[in-house]
Amino acid sequence: MVGVSQRYRRVAALVAATLGASVLVAPAPGGAATETVRATLGVTWMAGYDAPGTPSQYNRVGVIKVGSRQARNVLVLEPGTSAGAAYFVPLAKWIVARAPSWQVWSVERRENLLEDQSVLNAFKAGRASATELFDYYLGYLKTPVDHHFQLIPDPSVEFAKQWGMNVAVQDLRVVISAARALGGQVVLGGHSLGGAVVTAYATWDFDGRPGADQLAGLVYIDGGSGPAETAPMAEAALQALDGPTASPWLSFGGIPAPYAGIFNATGSAAALLDPNAPSLGQPSGIVPADLVPKVPVTNAAEYGYALNAKTSPPSLLAGQAHLGAGISSRTLAGHHLWNGAGALTPLARYATMFSGYPMQNVDGTEWYFPQRLADDTGAVDNGNANPAQQVLDVDATLGHQLPKRLFIYAFGARLGGPEVLAAARGLAAQSGIPTSHLTLINHQSTYSHNDPAGAYPRNDFFVGLMPFLGRVTSARAG
């Protein structure tokens, strides 16, 4: 068993090698030594929307608050498909280090209350080994063990089939209200599908007023709202979800829930905290074949191979980043190491984003992502009323009434590219928001879907974000 103090020493001692070493090394999770942040980070849970049919213990929404408690401005970040609040924490620490008048609140959606984080917690705290972690969540599928992860039967969570855009927006309203209570500016941002949630919230009809009335700015990170689907398409999606054998949960990259989340949470934790040990997943026969290298590898190399833009399969395009050169020719005890040379996003930083280390009871994945939320994004359509909205109960209809003072920043990467910019431009135009209030950057050819959140120490999304937040602050001061 690797003790927690030993893990911290490894993290601190090998920071400098993260961008080019063949052996995976772990940088300080925030990437900056002078950050002003809360001493201990974790999820703050609040009473959420009272969703019909949902047991009361799940009517909650959480945030990880990063930054000084004295900071009054808040950037609220909504994760994308199958991503959890810890995903944004390294970026959030970097932001508040450079912009100390801001806090960053990363949203933890209600579905993450269903996750069994018990042994992942123990591993992150040094109370369980990598073998115990693997056996509890995955190994038992091949080799029976007495104590292991239990699947949640779909019929026991039928209520989650109602966790669509309305539930997400109403929960987000709780978060925005709490941020506004601090008395500063509030900016709402989202990555991937989280961008569609941003547009839905901004254009939602709250008693005749758009949600954007409560905001100073919007940030789109390789995501946003696309054209509306038809009413028959929406009806077909509802019928499929309402089927007696249909799961409430999305299959990410073709991997059914909760296993995509489990693969990522456990793989990232092992890659970060036991990087040079032989991969347990590779020889198990449990990890999908297209994620398994042809040569024996370490935990770090297995994780890197699965999600690196050069080797990850097309089905996982939404899970990729530029993590380095790839599997190294160098070996340790016969197992190939990871070569991080040329990475935009250092592998250790990426593993920190998804493992949530050292936080307890939270990671950067969403093991159970509601299919209904994915379905409802097709009706947002930049806040323009359309027939699909009536089918799906999506009330994002005030897209022509956003305040003209609003600032918008859109960054396109591999998945959305110029379409992200076009959607932001269209949203602004239909409400008469001046083009001078827009910051539009497209790096589709060079940034994978997750590089905007993970790239370090050079990050063009971050480079654009800092002056954007400065403009928002200055606009209030003026």
Side-chain angles (χ1 to χ4, degrees), residues 41-46 48 51 54-64 78-89 106-125 127-128 130 132-141 147-163 167-168 171 193-194 247-253 255-273 281 286 303 319 351-374:
L41 294 180
V43 179
T44 299
W45 289 98
M46 298 175 278
T54 295
S56 58
Q57 67 264 34
Y58 299 120
N59 285 326
R60 295 193 290 163
V61 60
V63 291
I64 300 176
E78 178 82 9
T81 305
S82 299
Y87 174 88
F88 286 120
V89 168
S106 185
V107 176
E108 180 80 338
R109 289 184 288 257
R110 60 175 58 205
E111 47 266 26
N112 291 341
L113 290 165
L114 294 165
E115 296 176 2
D116 171 10
Q117 297 261 340
S118 59
V119 178
L120 183 60
N121 284 341
F123 180 65
K124 289 192 286 188
R127 300 191 305 269
E132 289 169 329
L133 176 74
F134 182 82
D135 285 348
Y136 180 79
Y137 289 108
L138 294 168
Y140 77 93
L141 295 169
H147 180 58
H148 62 79
F149 175 78
Q150 300 292 323
L151 291 172
I152 298 175
D154 285 343
S156 70
V157 286
E158 279 285 308
F159 53 83
K161 291 184 176 181
Q162 306 305 315
W163 290 357
V167 171
D171 279 347
L193 178 142
S247 172
W249 314 120
L250 178 78
S251 291
F252 185 83
I255 303 172
Y259 290 110
I262 288 175
F263 284 145
N264 202 355
T266 59
S268 60
L272 182 67
L273 299 176
I286 296 170
Y303 188 67
T352 301
M353 291 163 58
F354 283 111
S355 67
Y357 178 78
M359 294 179 292
Q360 296 282 284
N361 300 311
V362 63
D363 61 27
T365 69
E366 200 165 89
W367 304 7
Y368 304 97
F369 185 86
Q371 179 65 51
R372 178 63 187 270
L373 181 54

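Quick note: numbers below take in every heavy atom, side chains included, and nothing from hydrogens, waters or symmetry partners. Residue indices begin at 1 and follow the sequence shown.
- Within the 4.5 Å cutoff, no side-chain heavy atoms of Asn112 are placed close to those of Val362.
- Residues Tyr87 and Asp363 have side chains that never bring a donor and an acceptor to within less than 3.5 angstrom of each other.
- Residues forming a side chain to side chain donor-acceptor pair (under 3.5 Å) with Ser247 (at least two apart in sequence, or on another chain): Asp154.
- Remark: side-chain polar atoms of Lys124 are paired, donor with acceptor, to backbone N or O of Met359 under 3.5 angstrom.
- Atom CZ in Phe369 sits 4.5 Å away from atom OG1 in Thr81 (nearest 0.5 Å).
- Nearest heavy atoms, Ala160 versus Pro370: O-CB, 4.4 Å.
- Of the possible polar contacts, one joining the Gln360 side chain to the Asn121 backbone as a donor-acceptor pair under 3.5 Å is found.
- Side-chain contact between Tyr137 and Phe263 is absent, with no heavy-atom pair separated by less than 4.5 Å.
- Here the side chains of Tyr303 and Thr266 are not in contact, with every heavy-atom distance at 4.5 Å or above.
- In this model, no donor atom of one side chain and acceptor atom of the other lie less than 3.5 Å apart for Trp367 and Ser82.
- Every residue was checked against the ring pair (Phe, Tyr, Trp, His ring centres under 6.0 Å) condition with Tyr259, not counting sequence neighbours, and none meets it.
- Minimum interatomic distance between Ile286 and Gly139 (heavy atoms only, all atoms of both residues): CD1-CA, 4.1 Å.
- With hydrogens and angles left out, the side-chain atoms of Asp116 and Tyr136 include a donor and acceptor closer than 3.5 Å.
- The salt bridge (charged side-chain N to carboxylate O under 4.0 Å, His left out) check on Glu111 picks up Arg109, with sequence neighbours excluded.
- Looking only at side-chain heavy atoms (C-beta outward), Ser118 and Phe149 stay at 4.5 Å or farther from each other.
- Side-chain contact between Val89 and Met353: absent, with no pair of heavy atoms (C-beta onward) separated by less than 4.5 Å.
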Please test Thr54 against Arg110 for side chain to side chain contact (heavy atoms under 4.5 Å, CB included), starting from the C-alpha separation and ending with a verdict. CA-CA 11 Å; Thr54 295; Arg110 60 175 58 205; 3.8 Å; yes
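- When the side-chain contact (heavy atoms from CB on, under 4.5 Å) test is applied to Pro155, the partners found at least two apart in sequence or on another chain are Pro153.
- Using a 4.5 Å heavy-atom threshold, the side chains of Tyr140 and Leu138 count as separate.
- Here the CD-CG distance, from Glu78 to Asp171, works out to 9.0 Å after rounding to the nearest 0.5 Å.
- Partners of Glu115 according to the side chain to side chain donor-acceptor pair (under 3.5 Å) rule, which considers only residues two or more places apart in sequence or in another chain, are Gln117.
- In this structure, Leu250 and Ala257 approach most closely via the heavy-atom pair O-CB, 4.0 Å.
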Please report the C-alpha distance between Phe252 and Asn264 in whole Å, then the side-chain angles of each, then the deciding distance to 0.1 Å, and finally whether the side chain to side chain contact (heavy atoms under 4.5 Å, CB included) criterion is met. CA-CA 11 Å; Phe252 185 83; Asn264 202 355; over 6 Å; no
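- Annotation: side chain to side chain donor-acceptor pair (under 3.5 Å) contacts of Ser355 (sequence neighbours excluded): none.
- For the pair Arg372 and Trp163, the cation does not sit on the ring face, since its NZ or CZ is not both under 6.0 Å from the ring centre and inside 45° of the axis.
- Using a 4.5 Å cut-off on side-chain heavy atoms (C-beta onward), Leu114 and Tyr58 make contact.
- Heavy atoms only, all atoms of each residue included: Ile64 and Ala86 are closest at CD1-N, 3.8 Å.
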Passes side chain to side chain contact (heavy atoms under 4.5 Å, CB included), Glu108 versus Val63? Steps please. CA-CA 5 Å; Glu108 180 80 338; Val63 291; over 6 Å; no
Does Leu373 form a side chain to side chain contact (heavy atoms under 4.5 Å, CB included) with Val167? I'd like the steps, not just the answer. CA-CA 9 Å; Leu373 181 54; Val167 171; over 6 Å; no
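- Of all heavy-atom pairs between Ala260 and Ile255, the closest is N-CG2, 3.5 Å.
- Residues Gly261 and Thr365 share a closest heavy-atom pair of O-OG1, 3.5 Å.
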